[in-house]
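Below, read A as the first sequence line, B as the second, and so on, with proteins coming before strands; counting in each chain starts at 1.
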Amino acid sequence: MTVVRMGYVAMSVHLQNCSPSQTMTHARFKKLFDRDAAIRKLERIARSNVTNCLRLLKHNIAHDIAFFRLSSKLIPLANHMDLKGWNYIKSIKKELNDIESFLAKYKMRIDFHPDHFVLLNSKKVDILNQSIITLKMHRNLLTGMGIHPKHRCVLHVGGAYDDRDKALEQFIYNWGFVPVDLQEMIMLENDDKSFTMNDTLYLCEKLAIPIVFDYHHHLAHNDNHNWQEHWDRVVSTWDNSPLPIKMHISSPRSSDDFRAHADYIDAKMFLKFLREINGSVSIIDCMIEAKKKDDALFRLMKQLKHEDDVEIIDGASFKIH
DNA sequence: CGTGGTCAAGCGGTA
DNA sequence: TACCGCTTGACCACG
C-alpha cells in the first residue's frame, strides 16, 4: 500500500484575479522617470503576489491539497542587476509573516521550481553567480515564510554543452562553489532533452541530492526505457531527507508534440505507474504539472474514485492497494 | 473591451 | 556566427 498526495503548480484556474506572478518588465522599469516610484510599484506588485499566494494556500486547504509549488515570479526584477541593494524582503515582510502564521496552523508541503535559467553546471562564472543570486532569493522567501529550506527547490542539471559527460563533471566541480545553505535546498530532476534519469542519479548519488523523477520526461528522453530497474536508487536518494519522496506527473499534449504538457492528466498512465511502485514507499507526493492546474488535480481524483485498488482519503490524496 | 505582439532568460538547433 | 524557437503568464498598444 502506498499513500499518494497530489499537488499542483503556482496558480489556480478556479480563483479569479489571484495571480501570484504579476510583473513589471525590465524594459518598462527603465522607462519610468522616477526610480523611487518605480521601486514602490515593484513593491506593490510583490505584495499583491504574496497576498495572492496566501489566498491560494487557503484555497488548497479548503480542498485538502497539502502539496503546492510556489511561483518563482513572486518578486519582479528581484535579482536584476539594476535593482541591486533593493531590500525586497523588507517590503513584503508582513505578507510573508501572514503565510508563516497560516502554515503554522495548516500543514502543507511547499516547493519552488526556479526557472531554467538557473544553471549550476555552466562554465561561465557570470551565469553561475546569477544562478546563486536567484537561489538566495528563493532561500530568503522560504525563511521569510518560516519554511525550513531543506529540499525545497527543484532544478534541472543544466546545459549539455555538446558533451553530456563533461557537463555532468562540470556540475560536480561547480557544486563546490555553491554555498552549503543553498546546496541543501536543492533537488534534481531528470529532463526531457539532455540529462536522463541515469545521468541525474549519477549526480544525486555522488552529491547526496534527492532526485525528483519526472515520468513524462523519462518517456521523452532516456537511455534505458526500463525505469523500474533504477527505482530503488531513486527512493534511496530520499533516505536523508525530512520530506517524503516526490515526483512530477504530466501527460504529453499529443504524439506530435510529445514533450509539451497536456491540459489534463492521463489517468490510465498515472495508475499504471502507481501500480508498479505500489508498496515501494509508504507515501509519495505527486506534483501534477498540467495546463489546467488544480482543475486537472480535481478531475484526476474523480477518475480515480472508480478504481478497485484506490481508496480515497480526502479531496487530494488516496491509497493505492 | 478584446487581442496580437512583446517581454525576459539561456540553450539548442538550423542555416 | 547569427538568428530563431522554446516556454511562461502577464502586460501593453492598438483598434
Judged by atom type as modelled, is there a donor-acceptor pair below 3.5 Å linking the side chain of [X] to the main-chain atoms of [Y]?
{"X": "A:Thr2", "Y": "A:Val281", "value": "yes"}
{"X": "A:Asp199", "Y": "A:Thr196", "value": "yes"}
{"X": "A:Gln130", "Y": "A:Asn79", "value": "yes"}

Please report the distance, rounded to the nearest Å, between [atom1] in [X] and [atom2] in [N].
{"X": "A:Asp192", "N": "B:dG13", "atom1": "CG", "atom2": "P", "value": "12 Å"}
{"X": "A:Lys123", "N": "B:dG10", "atom1": "NZ", "atom2": "C1'", "value": "17 Å"}
{"X": "A:Lys73", "N": "B:dA8", "atom1": "NZ", "atom2": "P", "value": "13 Å"}
{"X": "A:Phe258", "N": "C:dT7", "atom1": "CZ", "atom2": "P", "value": "14 Å"}
{"X": "A:His216", "N": "C:dT7", "atom1": "NE2", "atom2": "C1'", "value": "14 Å"}
{"X": "A:Asp115", "N": "C:dC6", "atom1": "CG", "atom2": "P", "value": "18 Å"}
{"X": "A:Leu32", "N": "B:dC7", "atom1": "CG", "atom2": "C1'", "value": "15 Å"}

Item to complete: Could you pick out which residue, A:His116 or A:Ile45, lies toward the 5' side of DNA chain C when each is mapped onto its nearest nucleotide?
Response: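 Checking each residue's closest nucleotide, the 5'-ward one belongs to A:His116.
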Is the [atom1] atom of [X] crowded by more than 12 outside heavy atoms at less than 6.0 Å?
{"X": "A:Lys93", "atom1": "NZ", "value": "yes"}
{"X": "A:Asn240", "atom1": "CG", "value": "no"}
{"X": "A:Asn17", "atom1": "CG", "value": "no"}

Discussion item. Whether A:Lys293 contacts C:dG9 is assessed here as follows: a side-chain N or O lying under 4.0 Å from the phosphate OP1 or OP2. Is that the case?
Written reply: yes
What's the closest nucleotide to the side chain of [X] if the choices are [options]?
{"X": "A:Lys291", "options": "C:dT8, C:dA10, B:dC11", "result": "C:dT8"}
{"X": "A:Lys124", "options": "B:dC11, B:dG12, C:dT8", "result": "B:dC11"}
{"X": "A:Tyr161", "options": "B:dC11, B:dG10, B:dG12", "result": "B:dC11"}
{"X": "A:Met11", "options": "B:dG10, B:dG12, C:dA10", "result": "C:dA10"}

Worksheet item: Is there a salt bridge (charged side-chain N to carboxylate O under 4.0 Å, His left out) between A:Asp295 and A:Arg299 once you walk through the steps?
Response: CA-CA 6 Å; A:Asp295 197 50; A:Arg299 181 181 287 192; 5.1 Å; no
Practice prompt. Quick one: label A:Ser71 by what it contacts on the DNA or RNA (base, sugar-phosphate, nothing), any heavy atom closer than 4.0 Å.
Written response: nothing
Practice prompt. Could you tell me whether A:Ala160 contacts a base, only the sugar-phosphate backbone, or nothing, with contacts defined as non-hydrogen atoms closer than 4.0 Å?
Written response: sugar-phosphate
Discussion item. For the CZ atom of A:Phe112 and the CE atom of A:Met137, what is their distance to the nearest 0.5 Å?
Written reply: 6.5 Å
Worksheet item: Roughly how bent is the helix from B:dC1-C:dG15 to B:dA15-C:dT1 end to end, in steps of 10 degrees, with each end axis from five pairs?
Response: 60°
Discussion item. Any residue in residues 12-28 of chain A with a heavy atom nearer than 4.0 angstrom to DNA chain C? Just list them by number, or reply none.
Written reply: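 Residues of residues 12-28 of chain A under 4.0 Å from DNA chain C: A:Ser19, A:Ser21, A:Gln22, A:Thr23, A:Arg28.
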Worksheet item: Which of parallel (below 30°), tilted (30 to 60°) and perpendicular (above 60°) describes A:Phe102 and A:Tyr106?
Response: tilted
